[in-house]
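Keep in mind that this is a model prediction, so the values were computed, not measured.
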Amino acid sequence: MAAGLRTVILLSFVLAVGFLLIILSCALWQNWLPLLVALTFVIAPLPNALFAHCGNDEFTTSYDSASGAVDLGRFITAMIVITGFALPIVLTHSEVITPGACAMSIAGGGLVYGTILAYSAAFSQEDSEYD
């Protein structure tokens with residue numbers, strides 16, 4: 001139980017640092033458009049979570065048996081993640097935000113999405129073969 005508590009504390013600290021970087025990228029340069037990056041990385045795991053249980057047979061465990069709905073969820077998730085990384089770069093290229101805000105926004109967004117992935121991996125409830 002202590003290992004689970006340490007994991008939650010570490011992940012919450014990393015998530016707070018990620019959101020702090022995103023908010024600082026907005027506040028330091030008085031431009032709130034990089035805040036859209038936080039929204040994209042928070043929304044990113046939702047399609048994968050929604051489509052994860054569609055069409056899977058409970059007796060098959062291979063990747064080849066994944067249905068089209070599961071692949072669609074993975075594709076939409078990948079599109080949202082790529083958008084989260086590309087949006088600050090496009091805004092910087094069009095000179096809407098500064099390069100410093102772009103770097104802080106990408107770093108913060110990566111920390112937020114990485115924390116979400118780490119949390120889902122650390123606390124996934126996989127059924128044992130012998131239960």
Subject >> Closest non-hydrogen atom pair, Ile9 against Ser12 >> reply: O-OG, 2.8 Å
**OP:** State plainly whether one hydrophobic cluster holds both Leu24 and Val14, where clusters connect Ile, Leu, Val, Met, Phe, Trp and Tyr through side-chain heavy atoms under 4.5 angstrom apart.
**Re:** yes
Original post:
Just how far is it from atom CG of Leu36 to atom OG1 of Thr83, taken to the nearest 0.5 Å?
Top reply: 11.5 Å
**OP:** Report yes or no: do Leu87 and Leu33 belong to one cluster of Ile/Leu/Val/Met/Phe/Trp/Tyr joined by side chain heavy-atom distances under 4.5 Å?
**Re:** yes
Original post:
side-chain contact (heavy atoms from CB on, under 4.5 Å) with Leu111: which of Leu15, Val17, Ile116?
Top reply: Val17
**OP:** Spell out, as yes or no, whether a donor-acceptor pair under 3.5 Å connects the side chain of Ser105 to the backbone of Cys102.
**Re:** no
Original post:
Does a side-chain heavy-atom distance below 4.5 Å link Leu46 with Thr77?
Top reply: no
Original post:
Does Leu35 belong to the same Ile/Leu/Val/Met/Phe/Trp/Tyr cluster as Val90, with side-chain heavy atoms less than 4.5 Å apart forming each link?
Top reply: no
Subject >> Ring center gap for Phe75 and Phe51 short of 6.0 angstrom >> reply: no
Original post:
Is Ile23 reachable from Leu28 through a run of I, L, V, M, F, W or Y residues, each pair having side-chain heavy atoms under 4.5 Å apart?
Top reply: no
**OP:** With side chain to side chain contact (heavy atoms under 4.5 Å, CB included) as the test, would you mind laying out the steps for Val70 and Asn48 before giving the verdict?
**Re:** CA-CA 7 Å; Val70 175; Asn48 203 13; 5.6 Å; no
Original post:
Closest heavy-atom contact between Leu11 and Ala118?
Top reply: CD2-CB, 3.7 Å
**OP:** Search all heavy atoms of Ala44 against all heavy atoms of Val81 and return the closest pair with its distance.
**Re:** CB-CG2, 3.8 Å
Original post:
Can you check whether Ile22 reaches Met104 side chain to side chain, under 4.5 Å on heavy atoms?
Top reply: no
**OP:** Using a 4.5 Å cut-off on heavy atoms from C-beta on, say whether the side chain of Pro34 contacts that of Ser25.
**Re:** yes
Subject >> Ile97 side, atom CD1; Asn31 side, atom CG - distance, nearest 0.5 Å >> reply: 7.0 Å
Subject >> Smallest separation among heavy atoms of Pro47 and Ile76, with atom names >> reply: CG-CG2, 3.5 Å
**OP:** May I ask you to test the Phe41-Val37 pair for a side-chain heavy-atom distance under 4.5 Å?
**Re:** yes
**OP:** Check whether any side-chain heavy atom of Thr40 lies under 4.5 Å from a side-chain heavy atom of Phe85, and answer yes or no.
**Re:** no
Subject >> Heavy-atom check, side chain of Pro45 versus side chain of Tyr113, under 4.5 Å >> reply: yes
Original post:
Is Phe13 reachable from Val42 through a run of hydrophobic residues whose side-chain heavy atoms are each under 4.5 Å from the next?
Top reply: no
**OP:** Return the minimal non-hydrogen interatomic distance between Phe123 and Gly4, and the atom names on each side.
**Re:** CZ-O, 3.8 Å
Subject >> Tyr119 atom OH, neighbour heavy-atom count above 12 within 6.0 Å >> reply: no
